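A short worksheet on the structure shown next.
In listed order, ligands and their atoms are each counted from 1. Predicted model only: the values in this text are computed from it and were never measured.
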Amino acid sequence: MTVDKHTTGLIHHPYVPPGGFEAPAPGVFKASTVIFPNTAALHARAWKDKSGYTYGLHGTPTTFTLEERIASLEGGLQALLVPSGLAAIALVDTALLRSGDEVLIPDNAYGPSKELARHELAAWGISHRFYDPMDPAALAAMIRPATRLVWLEAAGSVTMEFPDLPALVRVARERGVPCALDNTWGAGIAFDPFDLLPGQGDAPVGVDISVQALTKYPSGGGDVLMGSVTTRDEALHLRLKLSHMRMGWGVGANDVELVLRALPTLALRYEAQDAAGRALATWWQGRPEVTQVLHPALPGSPGHANWQALSVQAAGLFSVVFDARYSAAQVDAFVDRLRLFRIGFSWAGPVSLVVPYDLSTMRSRAAWQGTLVRFSLGFEAVADLIADCEQALAGL
Ligand SMILES: *Cc1c(COP(=O)(O)O)cnc(C)c1O
């Protein structure tokens with residue numbers, strides 16, 4: 001029986017870890033040491049697959065269970081867990097890139113991913129360039145023999161441009177360069193990262209790697225840091241897994257438990273925060289204080305047509321650009337007056353959050369100017385959140 005992988009599949013999942021026990025929630029197993037019955041078992045047991053257990057870092061029933069659920073949520077076949085979303089990006093970079101190689105990163109990528117390239121990767125002799133994600137032809141022109149990885153992100157961080165993802169994937173595939181998507185925004189819900197283009201025969205193709213900050217939607221609580229690296233190719237997975245092991249990227253069972261507990265409501269939470277985000281973004285479109293509302297699902301937002309071609313769903317996240325007559329200090333004061341929106345990074349938790357950004361410091365390619373405020377929707381009533389924005393604007 002084929003079931004909906006965003007809802008039913010996260011509750012009635014076919015994967016059962018070794019050992020017979022059943023309850024609505026999977027058990028939580030904690031181990032550094034795994035005990036072997038005898039030396040023959042010690043010598044025979046494999047750590048590269050899920051046929052047995054060897055050491056806590058190589059997997060427990062608890063981590064295997066979450067890996068399997070994330071892989072099927074994303075439409076992949078294998079997943080690895082790491083201590084944060086940023087660690088997931090770092091795992092991909094460090095496993096696939098060597099001295100002399102180059103990585104291409106979208107100009108609107110998650111900021112710390114760019115910092116990782118500027119500092120750690122650069123120190124290891126790995127170069128990077130930032131590309132305009134809204135121009136697939138420009139990406140094609142930038143790829144050269146040293147280019148060994150292309151990062152993708154949809155929508156982009158903070159400025160929320162939605163790229164033509166299938167076109168970017170086609171460029172990377174045609175040049176034989178692996179592409180990795182930061183799929184935190186889509187969360188495995190908004191679109192299928194491994195099914196973006198018609199492939200040979202019937203099987204569609206997509207990105208080679210999808211990473212997520214499980215910190216965001218899959219956790220949904222604002223209380224866990226975790227990342228995942230999902231693939232659909234055994235050889236690529238093994239390459240990443242070997243690097244994962246050698247670098248010692250373990251995750252704690254208590255954190256895995258929190259994500260497993262939250263996964264059955266992932267699609268409901270995504271949908272609720274999407275509806276709230278669109279309602280509030282639409283309200284902001286009618287406000288004279290802002291010149292632009294950046295939300296991929298709103299007509300007029302950069303890349304709206306690209307989003308529309310790929311999805312009907314969006315994360316509960318958007319930004320507004322304040323009119324140039326307001327100084328950064330005035331916008332900060334507006335943010336400080338908000339009562340329900342709390343000031344803080346991250347998103348997809350229960351509390352609505354807000355962060356002001358200075359656009360002129362953020363992009364190397366696009367001409368963004370002014371002060372932008374990013375809102376992420378929690379689970380408060382939308383009418384209350386609108387009233388909160390209204391009272392804070394009244395003081396501008
Ligand atoms: C939050 C986030 C990350 C990093 O996740 P952490 O778990 O906070 O390290 C990476 N990419 C995107 C798009 C994010 O929003």
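Close approach of ligand 1 to E153 (heavy-atom distance below 4.0 Å) involves ligand atoms 13 (C). Atoms of ligand 1 found under 4.0 Å from any heavy atom of A213 (numbered from 1 in listed order, with element): 2 (C), 3 (C), 4 (C), 5 (O). Contact atoms of ligand 1 toward T184: 11 (N), 12 (C), 13 (C), 14 (C), 15 (O) (distance under 4.0 Å to a heavy atom of the residue).
Partner E102 forms a side chain to side chain donor-acceptor pair (under 3.5 Å) with one of R144, H128, R148 and no other, that one being R144.
Residues F334 and Y326 place their aromatic rings such that the two centres sit no closer than 6.0 Å. For W284 and F375, the distance between ring centers is under 6.0 angstrom. Taking the six-membered ring wherever Trp is involved, the centroid distance between the rings of F162 and W185 falls below 6.0 Å.
Side-chain contact between Q391 and R339 is present, with heavy atoms from C-beta onward closer than 4.5 Å.
When hydrogens are left out, the protein atom nearest atom 9 (O) of ligand 1 is L86 N, 2.9 Å; that is the closest non-hydrogen contact. The closest protein non-hydrogen atom to atom 6 (P) of ligand 1 is G85 N, 3.3 Å. Of all protein heavy atoms, the one lying nearest to atom 8 (O) of ligand 1 is L225 CD2, 3.9 Å. Closest protein heavy atom to atom 13 (C) of ligand 1: D182 OD2, 3.3 Å. Closest to atom 7 (O) of ligand 1, if we only count protein heavy atoms, is T215 OG1, 2.5 Å.
When only interatomic distances are considered, the shortest N/O to N/O separation between K216 and ligand 1 falls below 3.5 Å.
Counting heavy atoms of neighbouring residues, nucleotides and ligands inside a 6.0 Å radius, atom CD of E271 does not exceed 12 of them.
Side-chain contact, T159 with E161: a donor N or O sits under 3.5 Å from an acceptor N or O.
Proximity of W347 to ligand 1, defined as any heavy-atom pair under 4.0 Å, is confined to the side chain (atoms from C-beta onward).
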